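The shown structure was predicted, so the numbers you read here are calculated from the model rather than taken from an experiment. The basis for the numbers below is simple: all heavy atoms, side chains too, and nothing from hydrogens, waters or symmetry mates.
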Amino acid sequence: MTTDSKENGEPSEASLTRLTENLRKVDELRQRFTHVMTHRSTHQAALDGPNQELFTKAAQSYMQDAMTNPAKLFEHQLGYWTKSVTHFVEAQQAFVNAKQEEPADGAPQDRRFGNPLWEKHPYFNFLKQQYLLNAEALTQAVEEVDDMEPREKQRLQYFSRQIIDMMSPTNFLSTNPDALQRAVDTEGGSLIRGLENLISDLEANNGELIVRLADEDAFELGGNIATSPGKVVFRNRMLELIQYSPTTEDVHETPLVVFPPWINKYYILDLKAQNSFVKWVVDQGYTLFMVSWVNPDKTYRDVGMGDYVEDGYLAAFREVKAITGEKKINVIGYCIAGTTLALTLSLMKQTGDKSVNSATFFTALTDFSDQGEFQPFLTEDFIDGIEAETADKGILPSIVMARTFSFLRSNDLVYGPAIKSYMLGETPPAFDLLYWNGDGANLPAKMAMEYLRGLCQRNELADGGYDLLGHHLVLDEVDVPLCAVACETDHIAPWKDSYRGVQQMGSTDKTFIMSQSGHIAGIVNPPSKGKYGHYINKDLDLDHEAWLEGADFTKGSWWPRWGKWLHQRSGEMIPARKPGDGGRKIISDAPGAYVAVKARG
């Protein structure tokens with residue numbers, strides 16, 4: 001800390017200069033903040049949380065329990081009171097005796113409280129311990145609410161966790177020792193930088209607060225991410241089709257086309273050479289095509305799931321066959337693109353189109369009967385709010401989805417980054433995965449509601465069939481050879497739910513692989529890292545618990561295992577194809593134009 005001063009105690013000229021500069025910055029920031037909040041975009045209040053009915057029902061149930069079983073309530077409260085008073089006495093003794101060690105009831109490990117002062121300093125230790133006691137009491141109270149529907153109880157548990165996480169003392173300047181010390185060490189400079197970061201994030205999202213997770217200036221599409229050489233060989237209103245340049249003299253005759261989720265952008269599969277799925281596949285000797293979806297604006301209001309099938313999947317299939325001269329293609333669908341691939345395969349079965357030779361599904365759900373961690377966001381009031389939002393804007397803005405996904409892991413994706421950026425004044429890290437995570441895409445209004453109502457809420461595809469494009473589409477008509485890859489800790493597409501959907505598909509040639517890790521890291525898991533292993537069990541008639549119990553575990557990436565599976569379904573080796581062969585028109589270099597369009601409401 002700088003302590004420039006004159007001998008008589010007056011601040012030095014340098015200190016006055018720094019003070020004046022900081023005051024000027026504060027005034028500028030105040031004006032920017034006022035402007036962005038005055039002109040901020042609005043959204044439906046239902047998207048911010050449950051209506052009061054949920055908490056009213058919980059309170060009524062809790063009070064009813066108190067009247068019918070007062071001893072249970074008293075026991076709960078007495079335990080909380082006893083712990084709180086005991087803790088207060090211990091804290092008082094620590095203050096009086098200047099005792100610099102944690103009380104005997106030491107808390108479990110929690111990386112939010114990593115600063116030694118949370119254990120050694122009586123004030124901060126008191127705050128931490130009391131917060132944990134409060135969290136424990138609230139959690140217990142919610143668990144003991146009995147007179148509620150299971151779905152409402154699960155939602156209450158979710159939002160009570162959000163309240164607990166939000167109220168952590170680490171989230172407030174006056175009770176965060178790291179932020180206080182940084183402010184002292186920098187003479188308030190960290191707080192100025194934090195305010196600048198906060199206002200920049202608000203300005204970037206039209207007044208909506210979405211914490212920036214990565215340094216956006218550190219990355220350039222086609223420069224240091226999404227760099228695999230290729231050409232855009234087709235474009236329509238829904239997609240650009242990228243054909244990658246070969247790296248081998250010969251390739252398999254059956255081409256491969258990848259459909260990434262249009263909730264995010266394709267380059268999660270091509271972040272950098274070391275972990276690029278695109279590069280690895282091309283190096284194995286495949287003619288690889290990647291779909292890069294359009295980032296829709298309000299003019300796409302009436303684009304639905306049928307448009308993604310017709311002008312997305314079927315259009316890409318036609319172009320890939322025309323470019324390569326092949327009648328058969330292999331295909332991958334990732335996440336929602338895997339769900340839609342299942343719809344497309346059922347449609348193709350009914351129309352007699354046999355273009356697909358094999359299908360691979362990455363973390364794809366086709367049976368939504370267990371909504372898991374997303375259940376709080378699939379209740380009527382929340383979906384009604386989304387419907388009103390899409391009717392107003394013509395799209396489901398990317399920031400709505402980003403916020404929803406982030407709060408499923410709020411300490412890691414909301415509060416932790418906010419502390420570093422806004423209270424410590426740090427620049428977000430130059431982390432390619434987090435950059436991609438923040439580079440989202442909007443969803444067309446019609447498509448979003450068809451997906452949320454018909455597939456997620458009503459589970460129509462797995463429960464009787466889903467009507468689309470004049471056809472009644474069902475899972476057991478997905479009968480091509482298939483391989484499904486799910487991820488052990490995936491909170492977006494839980495592996496057991498993915499497994500249940502695959503069980504209902506009609507193919508007699510099925511392979512199911514469960515990778516360790518989550519929705520992204522479990523898929524982007526190159527063999528060179530030697531990081532996450534995977535499970536395999538050929539008996540898909542078992543329930544998911546029995547399947548896992550009997551599965552064989554293999555250390556390392558699932559990519560080589562899938563590569564062998566695909567090799568058997570990819571035909572003979574032929575001279576490598578290059579983008580533009582046969583006079584095919586080249587539109588642009590990869591990564592193309594669609595991927596560069598930022599989501600704006």
Side-chain angles (χ1 to χ4, degrees), residues 222 226-234 240-260 266-267 269-292 313 316-334 341 354-362 480-483 485 509 511 513 523-530 556-592:
T227 58
S228 291
K231 306 290 183 182
V232 175
V233 293
F234 174 74
E240 289 183 330
L241 187 66
I242 300 170
Q243 180 181 355
Y244 289 98
S245 302
T247 58
T248 57
E249 291 186 3
D250 297 317
V251 296
H252 295 273
E253 63 180 346
T254 306
L256 175 65
V257 58
V258 179
F259 294 90
Y266 85 84
Y267 64 88
L269 298 174
D270 190 33
L271 287 176
K272 53 190 175 187
Q274 299 93 316
N275 63 0
S276 171
F277 180 75
V278 167
K279 182 179 186 304
W280 185 85
V281 169
V282 172
D283 287 346
Q284 307 310 303
Y286 290 94
T287 303
L288 178 63
F289 294 84
M290 177 69 71
V291 166
S292 177
Y313 290 74
F317 292 162
R318 286 194 299 270
E319 293 303 318
V320 170
K321 289 192 297 181
I323 290 170
T324 62
E326 299 294 333
K327 295 181 179 180
K328 292 277 192 176
I329 58 177
N330 294 319
V331 58
I332 296 174
Y334 192 167
L341 174 59
K354 298 182 179 180
S355 300
V356 173
N357 186 58
S358 76
T360 298
F361 298 86
F362 289 171
V480 301
L482 66 89
C483 179
V485 184
D509 180 358
T511 297
I513 301 170
I523 296 298
V524 184
N525 182 25
S528 59
K529 296 287 185 180
S557 173
W558 57 268
W559 290 10
R561 181 184 295 277
W562 171 79
K564 292 179 182 178
W565 179 90
L566 187 66
H567 173 83
Q568 297 169 1
R569 294 160 178 82
S570 297
E572 302 295 327
M573 302 300 289
I574 63 172
R577 309 177 180 100
K578 297 179 178 63
D581 280 353
R584 180 76 182 192
K585 180 182 177 182
I586 300 298
I587 297 175
S588 72
D589 290 332

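- For the pair Leu241/Val291, a side-chain contact is recorded, criterion being any heavy-atom separation below 4.5 Å from C-beta on.
- The two residues Gly285 and Thr248 make their nearest non-hydrogen contact at CA-OG1, 3.5 Å.
- The main-chain N or O of Asn525 is found under 3.5 Å from a side-chain atom of Ser557 such that the two form a donor-acceptor pair.
- With a 4.5 Å cut-off on side-chain heavy atoms, Lys231 and Ile242 do not count as touching.
- Rounded to the nearest 0.5 Å, atoms CD1 (Ile513) and SG (Cys483) are 4.0 Å apart.
- Closest heavy-atom contact between Trp559 and Pro526: CZ3-CA, 3.6 Å.
- Within the structure, every pair that satisfies the salt bridge (Lys or Arg N to Asp or Glu O under 4.0 Å) test and touches residues 240-259, not counting sequence neighbours, is listed here: Arg235-Glu240.
- Applying the side-chain contact (heavy atoms from CB on, under 4.5 Å) criterion to Pro246, with sequence neighbours excluded, gives Ala576, Lys578, Pro579.
- Side-chain contact annotation: Ser228 with Asp270, donor-acceptor N/O pair under 3.5 Å present.
- The side-chain hydrogen bond (donor to acceptor under 3.5 Å, both in side chains) with Asn330 is formed by just one residue from the set Thr254, Thr360, Asn357; it is Asn357.
- Put simply, CG on Leu256 and CE on Met290 are 8.5 Å apart, with the number rounded to the nearest 0.5 Å.
- Partners of Tyr244 according to the ring-ring contact (aromatic ring centres under 6.0 Å, His included) rule, which considers only residues two or more places apart in sequence or in another chain, do not exist here.
- When each of Arg577, Glu326, Gln243 is tested with Thr287 by the rule side-chain hydrogen bond (donor to acceptor under 3.5 Å, both in side chains), just one qualifies, namely Arg577.
- Judged by distance alone, with hydrogens and angles left aside, the side-chain atoms of Lys354 form no donor-acceptor pair with the main-chain N or O of Lys328 at under 3.5 Å.
- Residues Phe289 and Phe317 place their aromatic rings such that the two centres sit no closer than 6.0 Å.
- Applying the ring-ring contact (aromatic ring centres under 6.0 Å, His included) criterion to Phe361, with sequence neighbours excluded, gives no partner residue.
- For the atom pair OG1 (Thr511) and CH2 (Trp558), the distance works out to 12.5 Å, reported to the nearest 0.5 Å.
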Applying ring-ring contact (aromatic ring centres under 6.0 Å, His included) to Tyr334 and Phe277, what does each step give before you reach the verdict? CA-CA 13 Å; Tyr334 192 167; Phe277 180 75; 8.9 Å; no
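- Note that OG of Ser570 and CD1 of Ile329 are 12.0 Å apart. Values are rounded to the nearest 0.5 Å.
- With values rounded to the nearest 0.5 angstrom, Asp283 atom CG is found 11.0 Å from Leu288 atom CG.
- The two residues Val281 and Tyr286 have their closest heavy-atom pair at O-CD1, 3.4 Å.
- Listed by first and then second residue, the salt bridge (Lys or Arg N to Asp or Glu O under 4.0 Å) pairs involving residues 565-575 are Asp509-Arg569 (not counting sequence neighbours).
- Using a 4.5 Å heavy-atom threshold, the side chains of Tyr267 and Pro591 count as separate.
- Side chain of Trp280 to backbone of Gln274: no donor-acceptor contact under 3.5 angstrom is found.
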Checking Tyr266 against Val258 for the side chain to side chain contact (heavy atoms under 4.5 Å, CB included) test, could you report, in this order, the C-alpha distance in whole Å, the side-chain angles of both residues, the deciding distance, and whether it holds? CA-CA 9 Å; Tyr266 85 84; Val258 179; over 6 Å; no
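- Remark: Asp581 engages no residue in a salt bridge (Lys or Arg N to Asp or Glu O under 4.0 Å) (not counting sequence neighbours).
- Looking at Val356 and Tyr313, their side chains never come closer than 4.5 Å, going by heavy atoms from C-beta outward.
- Taking all atoms of both residues into account, the shortest heavy-atom contact from Val480 to Ala359 is CG2-CB, 3.9 Å.
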